[in-house]
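First up is the structure itself, then whatever we jot down about it.
In this chain, residues are counted from 1 in sequence order. Predicted model, so just to flag it, every value in this text is computed and none were measured. Order of listing sets the numbers, starting from 1, for every ligand and every atom in it.
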Amino acid sequence: MNKLCETYDNHFKIGAAVNLDTLSHDKELILRHFNTITVENAMKFENAHPQKNTFNFKELDIIANFAREHNIQMRGHTLVWHNQTPDWVFKNDDGNTDVTREELIKIMKDHIEKVMNRYKDVVVAWDVVNEAIEDKKNHLLRESKWLKIIGEDYIEIAYKHAMKIDPHAQLVYNDYSLIDPNKRKKSRKLIDYLRTNGVKIDAIGIQGHWNIKEPKVEKIKDALEYYKNMNLKIHITELDLSVFTENDRRLDLEKPETGMLEMQAEKYSQLFSLFREYHSVIDSVTFWGVSDYYTWLDNFPGKERSTWPLLFDKNGEPKPSFWEVINFNE
Ligand code: GLA
C-alpha cells in the first residue's frame, strides 16, 4: 500500500490530530501515512498551563519527541482561545474579580512564550488565535474574556508576540464555518485590520468538521478562492466527515447504514480533488483524528455513538474513503 503523505508530496502535507492513546494505538498508521501532526488537546491552555505557575508538558513532550524522532512536522494548536482556558487566567487570586488588562496581557504573552519556545524546533505553524470571530450577525469579535478584559487589540498583541518568538513559523488564524460567506467577510475584516497594523498572518485555518452530505463542495471551493485572493496560505485543519448530518441524532446504529460509507468515499473524493486543484495555496490537510478507533465526534454532541468519520476503520483498515483519496490520476 502506498503512503498517503508520499502520494501527496507534490500537493500538500497530510496531517492527523493525535493524543497519547492514538499515538500508541494507531502508531503504524501515523508513521506510514502522515507527515504532520496536531496535538488534539494537550497544548490547549487548560492542559498545558492549568495553574498560574504550573505548566504541564508531559503529554506534549511525549508527542513532540515522537515527531522529532520520526521527522514529522507539528502544527501548534492553540495559544489563545475562549474555550478550554482555565478560570485562573482571567481572575485575581480571590477568584472573584477580573485581572487588569496589563495583567492579562502579561499572562497571555508568558504563555505564548513558554509554549512556543519549548516546541518551536518541531512546530512549523501555529494556530495563534482560535475562533475569535462572533457568529451573531452584527458583531465582529466573539465576546470572550480576552476581548472583555484586554480589548480589541488582544489578537494583534498575540500575533505580534508570536512573531517575535518565532519569526520563521507560519502564523495561522483558525476558525469554523469559514465557508459561510458572512463569517468569511468578517474574517477578511479582521485579517485586513491585523495586516494594516503590522501583524504577520500567513495562513487561514479552515476547520473541516463536515459530514457526508454537507456542505456542498462548490461552497468550499468559493472559500478556497476567497482566501487565495487574500494572499493567504490555507490549512484545512480539522477534517472529519461524520456519516450523520447535523440534525441526525440517532444513537442506535451499530454499523453504518448501507450506502453511507460509499457516500463518504464520494465526498472525500470530491474534496481531495478540489484540494488538489488548489494545491499551490494549500499547505496541509489535517484530519481531526487518525482512525475511527477514536474520534471526538463519537462523544459529541453529548451522547456516545459511532460516527465513522475518518479514512481508516476501528481496526485501522483502510475504508472506501481512503482508496478514493489515495487513488487519483492528475
Ligand atoms: C474546535 C477546536 C478543536 C477541537 C474541536 C472539537 O474545532 O479548534 O481543538 O476542540 O473543536 O474537538
Hey, which of Ser269, Ser242, Ser321 is the one that makes side chain to side chain donor-acceptor pair (under 3.5 Å) with Gln264?
Ser321

Counting heavy atoms not belonging to Lys160, are there more than 12 under 6.0 Å from its NZ?
yes

How about His111 and Phe45: are their ring centres within less than 6.0 Å of each other?
yes

Between the side chains of [X] and [Y], is a donor N or O closer than 3.5 angstrom to an acceptor N or O?
| X | Y | result |
| --- | --- | --- |
| Tyr173 | Asp175 | yes |
| Glu156 | Asn197 | no |
| Glu225 | Tyr278 | yes |

Write down, by chain and number, every protein residue that brings a non-hydrogen atom to less than 4.0 Å from an atom of ligand 1.
Lys44, His77, Trp81, Gln84, Asn130, Glu131, Gln207, His209, Glu238, Trp288, Trp296

